[in-house]
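Notes to accompany the following structure.
Atoms within each ligand, like the ligands themselves, are counted from 1 in listed order.
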Amino acid sequence: MGQIVTFLLALPIILVLLLKIVSYVTRRRKQILKSAECNGWDNIPKVSVIRFLSTTRVLSSILVEVSNLCKQMGPIFRVKFFTEECVFLIDPISAHKLLTSKEHGHYPKPEVLYGSLHEMLGNGVLTSQGDYWQAQRRILSKGFSYSALRRYCKTYNKCARQLVSDLENKFDDNNGIKYQQIGSMIHLCSIKIITEAVMGLDSSKDEVEAEVVLDSFNNLKDIAIQRFRKGLLLIWNPIWKLHPLSRENTRNLKNVDDIIKRLILRYRNIQENAQYFQEKTFTSPTHDNGDKEEDNMRFDCMLELMYKYGLNEKQIVDEVKTLIWAGYETTSAAMHFLLFMLALNKTHQEACRKEVDKFFDDPTYCQNGELSMEGLLDMKYLERCFLETLRMFPVVLIILRRLRSPLKIDETLEIPVGTSAALPLGFYHYMEEYFPNPKKFDPDRFLTEDILKRQSFTFMPFSAGPRICIGLKFAMLEAKTVVAHILREFEVHTQDKFEDIALIPAMVSYPERDYYFHLQKRNVNTA
Ligand code: HEM
């Protein structure tokens with residue numbers, strides 16, 4: 001009797017497993033048949049997953065290992081990760097071809113890397129696909145228009161000044177020269193900026209909400225890193241669901257969701273107020289300075305924009321989480337790396353400072369210590385240093401695309417449907433043929449004449465094509481503002497050396513430990 005009950009209880013599980021196996025085998029057979037029709041596919045060399053995984057601890061060793069692989073295997077090779085067939089496009093020309101393709105079947109992002117993101121961020125613009133993605137992307141792009149960015153500049157300046165004041169307290173010269181880690185302070189500044197621009201949360205007025213969002217995102221980031229390290233948890237959802245980290249994850253997500261829902265309600269209440277409607281819905285002539293019809297809807301933050309475009313509650317929650325997730329850690333890591341490179345390369349730091357001082361001292365570009373967007377756009381030396389930093393520390397190391405239509409590389413090679421193409425963006429930035437002496441920090445690589453000489457696809461820290469980073473300009477302006485304020489007030493020194501610290505590759509690469517800095521106060525009369 002007992003055996004029958006056990007059998008009956010186990011039956012659904014057995015059936016589900018059988019169904020999964022049948023569906024996998026059918027899918028695989030279809031894929032093999034399709035692959036057979038693709039030119040040259042069978043001739044692409046295969047690399048064992050064991051060999052591949054054994055290299056993934058630090059960025060520098062991956063770069064060396066991948067170079068060795070290319071020497072042996074050529075610029076394209078295949079790796080099988082469990083049930084996923086992955087093709088590595090080590091040649092940036094093929095990668096660029098895929099990213100800039102107009103074919104919708106080339107845009108989807110595979111479960112293997114983006115599945116956990118999907119679970120966390122829902123159907124936001126980073127993880128969604130097809131027509132839905134396109135429609136959402138069109139709406140969200142308005143949140144990154146010229147006049148929207150001009151409004152966020154206020155937030156960049158405000159948070160940068162707060163960071164400078166916190167740094168002044170930390171590096172009190174009376175305590176002598178002390179090298180200290182500042183990664184978490186930069187991180188805090190970055191998350192304050194993004195939550196204000198995306199959700200309208202002002203950390204000085206909405207203190208409680210801002211703190212919950214900061215804590216929750218920090219926890220979510222730590223959980224994601226742990227999950228990434230425990231590969232099996234990442235790959236196999238049933239195990240993940242049973243793990244205590246998963247419950248922690250859900251709790252933090254719920255905290256963020258609740259706050260976003262409350263903010264939506266706040267906008268709904270405000271919108272019901274007729275006076276607000278009159279003041280804000282129509283273009284304010286003083287604000288848009290020549291921007292065309294793109295901005296005929298006035299909004300203070302992206303959540304408000306989404307609300308006005310009629311997105312429902314679930315859509316807004318997903319997009320807000322997505323923008324914060326995609327925007328804060330990337331930019332904060334990039335600013336951290338930029339300060340480190342300027343601390344190591346004092347001549348470039350001095351040149352940036354000279355430029356920064358010029359803008360701070362010119363009332364057309366800076367009033368009451370607030371840098372204008374025009375000033376920030378014109379800081380070309382600092383911009384070149386930022387781009388060179390992203391070349392050397394490509395914050396997003398690798399991206400993947402799941403092919404829903406075949407990709408023709410050339411007359412001799414076609415990649416079949418169902419394959420995931422892996423594009424190691426970071427690797428392209430170290431290719432000698434495009435970036436001679438790649439370990440040298442040389443911002444002049446980004447002088448206009450040098451950029452024109454080099455093919456554009458060799459430098460893609462923000463990806464390229466229709467799914468290029470939506471926050472590219474946002475990130476550039478934010479990083480320039482924050483670093484400009486720091487250079488204005490301090491000389492930046494470090495004890496660390498470039499090769500001392502390993503970079504840990506994850507979705508967003510980060511140093512094994514934060515760098516140590518000493519910030520020495522300058523004597524400038526700031527407004
Ligand atoms: C230095 C900073 C940043 C870097 C290096 C960076 C890099 C990237 C890269 C490489 C992608 C492509 C990802 C993929 O295809 O899988 C991407 C996509 C994206 N980024 Fe960024 N990003 C940065 C800052 C930001 C900021 C500040 C925001 C938002 C405020 C943002 C929002 C997004 C979104 C929403 C996508 C998905 C776009 C789509 O699929 O249509 N990013 N970013």
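- Using a 4.0 Å heavy-atom cutoff, Arg401 is listed among the residues neighbouring ligand 1.
- Applying the 4.0 Å criterion to heavy atoms of Ala475 picks out, from ligand 1, the atoms 2 (C), 24 (C).
- Close contacts between ligand 1 and Tyr114 involve ligand atoms 14 (C), 16 (O) [criterion: under 4.0 Å to a heavy atom].
- In this structure, Phe457 and His96 have tilted ring planes: the angle between them lies in the 30° to 60° band.
- Ligand 1 places these atoms under 4.0 Å from at least one heavy atom of Ile194: 30 (C).
- Short contacts between ligand 1 and Leu126, defined as distances under 4.0 Å to a heavy atom of the residue, involve ligand atoms 36 (C), 37 (C).
- Under the 4.0 Å criterion applied to side-chain N and carboxylate O atoms, Asp258 and Lys254 are assigned as salt-bridge partners.
- In this comparison of Ala334, Pro461, Ser463, Ser141, the heavy atom closest to atom 12 (C) of ligand 1 sits on Ser463.
- Salt bridge status for Asp206 with Arg266: present, with a side-chain N to carboxylate O gap under 4.0 Å.
- At a heavy-atom distance under 4.0 Å, atoms from both the backbone and the side chain of Phe462 approach ligand 1.
- Ligand 1 has no N or O atom lying under 3.5 Å from any N or O atom of Thr330, backbone or side chain.
- In the displayed structure, Asn312 atom CG is contacted under 6.0 Å by more than 12 heavy atoms of other residues, nucleotides or ligands.
- Looking at Lys109 against ligand 1, only its side chain comes within 4.0 Å, counting heavy atoms.
- Atom NZ of Lys380 has more than 12 neighbouring heavy atoms from other residues, nucleotides or ligands inside a 6.0 Å radius.
- Looking at Ile399 against ligand 1, only its side chain comes within 4.0 Å, counting heavy atoms.
- For Thr331, no nitrogen or oxygen atom sits less than 3.5 Å from a nitrogen or oxygen atom of ligand 1, counting backbone and side chain alike.
- For ligand 1, the atoms closer than 4.0 angstrom to any heavy atom of Arg137 are 38 (C), 39 (C), 41 (O).
- Counted within 6.0 Å of NZ on Lys473, heavy atoms from surrounding residues, nucleotides or ligands total 12 or fewer; the atom is thus considered open.
- Using a 4.0 Å heavy-atom cutoff, Phe144 is listed among the residues neighbouring ligand 1.
- Counting heavy atoms under 4.0 Å from ligand 1, residue Val396 touches it through the side chain alone.
- Formation of a donor-acceptor pair under 3.5 Å by the Arg391 side chain with backbone atoms of Asp442 is not found in this model.
- Ring pair Phe498/Phe441: centre-to-centre distance not below 6.0 Å.
- Using 4.0 Å as the threshold, Trp133 has a heavy atom nearer than that to some atom of ligand 1.
- A donor-acceptor pair shorter than 3.5 Å cannot be found between the side chains of Gln349 and Asn345.
- Using a 30° and 60° split on the angle between ring planes, Phe217 and Tyr328 fall in the perpendicular class, above 60°.
- Numbered from 1 in the order shown, with element, the atoms of ligand 1 that lie under 4.0 Å from a heavy atom of Phe474 read 27 (C).
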